[in-house]
Asker: 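The structure is given below, and queries will be raised subsequently.
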Amino acid sequence: MGHSMRALTSLIPNLRRDLVFPTGGALVLFGLLVSGGLTYSALVGGSADKLITAMLIDAVMVVGLQIYIGNTGVLSFGHIGFGAIAGYAFAVFAIDPLQKSTVIFDAPWGLNEVQYSPLASGLIAVIVTVIVAIVVGLGLARSGAQSGAVAATVITLALLFVTHAVAVNWYELTGGDRAGLSFAVGATLQSRWPIYLTLALSLILARVFTRSRSGRLAQAAREDNLAARAMGIDPKVQQMIALLASVMVVAVAASLRVYNLGNITPRFFFFDYTLVTLVMLIVGGRNSVTGAMLGVVVMTAGRELTRRVAGDGYELFGLGLDGAPLDWLFREGLSDIFLGLAMLGFMIFRPRGLLNDWELDQWLYRRFAPTSGPGGDGDGTRVPAEAADATLTGSVQPMALLEATGLTVNFGGFRALDNASITVNQGEVVGLIGPNGAGKTTLVNVITGMVDHSSGRFRLTDNGNSVDLTSAPSYVIARTGLVRTFQNLRLFSDLTVEENVEAARLMALAHLRSDGRHAGGGAMSRLERMPSIDTLLRETELEAFRHRRAAELDYGNSRRLELARAAATGPRFILLDEPTSGMSDAESLTMVERVRRVADLIRAGVLVIDHDLAFITGICDRIYCLDQGAIIADGDPAEIQANEMVQAAYLGSAG
């Protein structure tokens, strides 16, 4: 039981905040949507019943879109293509062979002769669609899919057109563009209960996924792909998980849509439906499940209203709206004009939608849940016993060593690094100085796997184990205990201060839990020195800002947040790229103290780049000086200040 709870906690950081409240919030959303629909249906009557059924199915589809688009930031035009695959798979397996014999009598693999129950057919549709999604997901991974990446959007758009072309032309299986596939009269969906159940479960899945470890890491990569990899996050893995969860929901929604309508043709899941569902998501707010549901309601109501207004003889509040003066507007197609204007207007004037990332359950949590007590990571986040603060353990661990030798980097004909070598011991602060263009940031970029080098090697030795990192990708290097900050701020802007730190810590905990089964004491020693989120926020004086978005912080607090986020992984070494750039003298002195205290807290070595000599000499035990890509001097601060080559190259005088 204890092992199961620890495993669950590693997936859901805080069971109450990230599981109980999201589940409850999802059920409240479900209740509001269904009760509102039933009330409208009872008041209006007529075709309103069909409208509400279609709206609820659209809501499931939009939830599926939100799981992927909202968490990864990758705009997908292809999810309705996944819906087409699922819809046809469901129809082929659920329709009576007698019905199929008139349209697809020569279907391949004898599919015209098989029939399963709607439930079994839906499961088959999900399985088939997920298999396709795995293939597409691998293609997205190879394209380097990330938030705003054009390649990913083009790939998903291509999927939409391919599925449509196959549906139109593979008439032996799909019935083609004219006939399609149809259920027998009376064999279609006769009750809303499957829709209710699917909607409730999809809302719960979407909210729990958003608050889960995978959802948090996907959101971190959405905000800043490069910074996420520097914290040890592999965006491809998180995007694949989000894609598969999303596609499962989309597949079920598509099956319900086909089952409800009673037939399917290629146009059912093509560009029109893609635009409808995407606009619903955009209007409400793509980063919010609550917003997605609001967008479904707003757009369903708007499209229905414009459809009615455009009809002949329609009256609103007793006033006839049709007539010569308005004939140019109130005509067939007004609902499509409304759809286009809504998408255009929101993309220009409110691209984050009506609610941005506001969630009902998080509002309820902040309003009604008690604040964190002793041993909690803010908001009640549990601190695993094995991850207690290093200052409380008092254990002595073997010293670690970061060593880079002979690093050379050529950018075309320019040599940025020339046989540069440095070493950093655990527990010491090492400075790296030099004039602009000397190669300081390039050296850090090479060591953290973000720039390729022509020659040389670098390794990290920890707990007696030496790991060659020369060819490792950046997220693997970070997982070994080597993390960094950036010269230009790279925070997860839309996440809160606490969520920034928690994302890094979740990645480290997840990796160490899996690695600890075969890493022995090495994994445990890192867990022992991994501070709680409360401790890090206190040491960096960010407690008062923990629920504020990172984008709202001033420059000094943003720099301290970068430091806290890097330290949250419990690294052996932190590489700081100009942490006092743009700061006043007083802020620089404060930063010296913060770096020292955080480094001592986690017992980490520090390599720091800075132009501020007062900062460097005040914080460093040893200093390297780079000039034109080569190390020209190294020693303690006094030796570096007295070195004539340093004075000539860096200070601009010969002494």
Side-chain angles (χ1 to χ4, degrees), residues 10 217 220 227-234 384 386-391 393 395-405 422-430 443-450 457-486 501-533 535-536 562-577 595 598-608:
S10 70
L217 300 183
R229 288 188 282 117
M231 294 299 108
I233 299 171
D234 183 3
E386 70 270 24
D389 289 348
T391 53
T393 64
S395 58
V396 178
Q397 301 297 337
M399 298 296 288
L401 173 67
L402 171 62
E403 184 178 17
T405 56
I422 64 168
T423 60
V424 184
N425 293 293
Q426 180 190 353
E428 72 172 346
V429 179
V430 175
L443 178 60
V444 170
N445 286 340
V446 169
I447 294 174
T448 53
M450 295 181 178
R457 310 191 71 81
F458 53 97
R459 64 178 60 247
L460 188 151
T461 303
D462 184 11
N463 201 45
N465 298 318
S466 183
V467 181
D468 191 325
L469 302 173
T470 304
S471 302
S474 56
Y475 66 88
V476 172
I477 292 173
R479 291 176 183 179
T480 64
L482 181 61
V483 299
R484 66 169 295 174
T485 65
F486 293 86
V501 178
E502 190 173 38
R505 190 163 178 269
L506 284 172
M507 184 66 253
L509 285 172
H511 174 64
L512 289 176
R513 280 195 175 92
S514 61
D515 190 55
R517 290 192 293 268
H518 52 78
M524 182 54 65
S525 67
R526 186 171 176 185
L527 284 168
E528 288 174 345
R529 67 177 185 275
M530 190 179 294
S532 69
I533 294 175
T535 300
L536 281 171
E562 267 202 316
L563 177 63
R565 186 181 65 183
T569 64
R572 281 301 193 196
F573 297 95
I574 300 179
L575 280 59
L576 305 176
D577 194 351
V595 171
V598 170
D600 289 343
L601 175 68
I602 61 177
R603 301 196 293 275
V606 178
L607 176 65
V608 56

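Note that the structure is predicted; figures quoted are calculated from it, not measured. Values below: every heavy atom of this structure, side chains too, minus hydrogens, waters and symmetry copies.
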Asker: Does the R479 side chain pair with the main chain of G232, one donor and one acceptor, at a distance under 3.5 Å?
Answerer: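 Yes, the answer is positive, given that a donor and an acceptor are paired below the 3.5 Å cut-off.
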Asker: Cut-off 3.5 Å, side chains only: do R457 and T405 have a donor facing an acceptor?
Answerer: no
Asker: If you round to the nearest 0.5 Å, how far is CD of E403 from OG1 of T423?
Answerer: 7.0 Å
Asker: Tell me every residue that passes ring-ring contact (aromatic ring centres under 6.0 Å, His included) with F573, counting only those two or more places apart in sequence or in another chain.
Answerer: none
Asker: For the atom pair CE (M231) and CZ (R505), what is the distance rounded to the nearest 0.5 Å?
Answerer: 15.0 Å
Asker: Which heavy atom of A564 sits nearest to which heavy atom of L536, and what is that distance?
Answerer: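 The pair with the smallest heavy-atom distance is O-CD1, 3.6 Å.
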Asker: Would you say T470's side chain and F458's backbone share a donor-acceptor pair under 3.5 angstrom?
Answerer: yes
Asker: Identify the heavy atoms of A504 and T569 that sit nearest to each other, and give their distance.
Answerer: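 Closest pair (atom of A504, atom of T569, distance): O-CG2, 3.5 Å.
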Asker: Within this structure, what is the CD1-CZ distance for the pair I533 and R565, rounded to the nearest 0.5 Å?
Answerer: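 Here the interatomic distance stands at 13.0 Å.
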Asker: Ignoring hydrogens, what is the shortest heavy-atom contact between G481 and P571? Give both atom names and the distance.
Answerer: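 Closest approach of G481 to P571, heavy atoms only: O-CB, 3.5 Å.
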Asker: Can you tell me how far CG of L576 sits from CZ of R484, rounded to the nearest 0.5 angstrom?
Answerer: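 Going from the CZ atom of R484 to the CG atom of L576 covers 10.0 Å.
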Asker: Starting at CG of D577, measure out to CD of E562 and round the result to the nearest 0.5 Å.
Answerer: 9.0 Å
Asker: Would you say the side chain of L575 lies within less than 4.5 Å of the side chain of V483, judging by non-hydrogen atoms?
Answerer: no
Asker: Quick one: closest heavy-atom pair of L563 and T485, and the distance?
Answerer: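 Closest pair (atom of L563, atom of T485, distance): N-CG2, 4.3 Å.
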Asker: Between R572 and R603, what is the shortest heavy-atom contact and its length?
Answerer: NH1-O, 4.3 Å
Asker: Restricting to side-chain hydrogen bond (donor to acceptor under 3.5 Å, both in side chains), what partner residues turn up for E428, sequence neighbours left out?
Answerer: N425, R622
Asker: Answer yes or no: is there a side-chain heavy-atom contact under 4.5 Å between I447 and L482?
Answerer: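 Heavy-atom side-chain distance check passes, below 4.5 Å.
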Asker: Can you check whether T535 reaches L601 side chain to side chain, under 4.5 Å on heavy atoms?
Answerer: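 The answer is yes, as the side chains (C-beta and beyond) meet within the 4.5 Å cut-off.
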Asker: Got Y475 and D234 here, is their nearest side-chain heavy-atom distance under 4.5 Å?
Answerer: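 Yes, their side chains come closer than 4.5 Å.
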Asker: Could you tell me the separation between the OG atom of S466 and the CG atom of L460, rounded to the nearest 0.5 Å?
Answerer: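 Going from OG on S466 over to CG on L460, the span is 8.0 Å.
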Asker: When you look at T461 and V467, which way does the side-chain contact (heavy atoms from CB on, under 4.5 Å) test go after all the steps?
Answerer: CA-CA 6 Å; T461 303; V467 181; over 6 Å; no
Asker: Would you check if V424 and L401 make a side-chain contact, meaning some heavy-atom pair closer than 4.5 Å?
Answerer: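 Result no, sub-4.5 Å side-chain heavy-atom pair not found.
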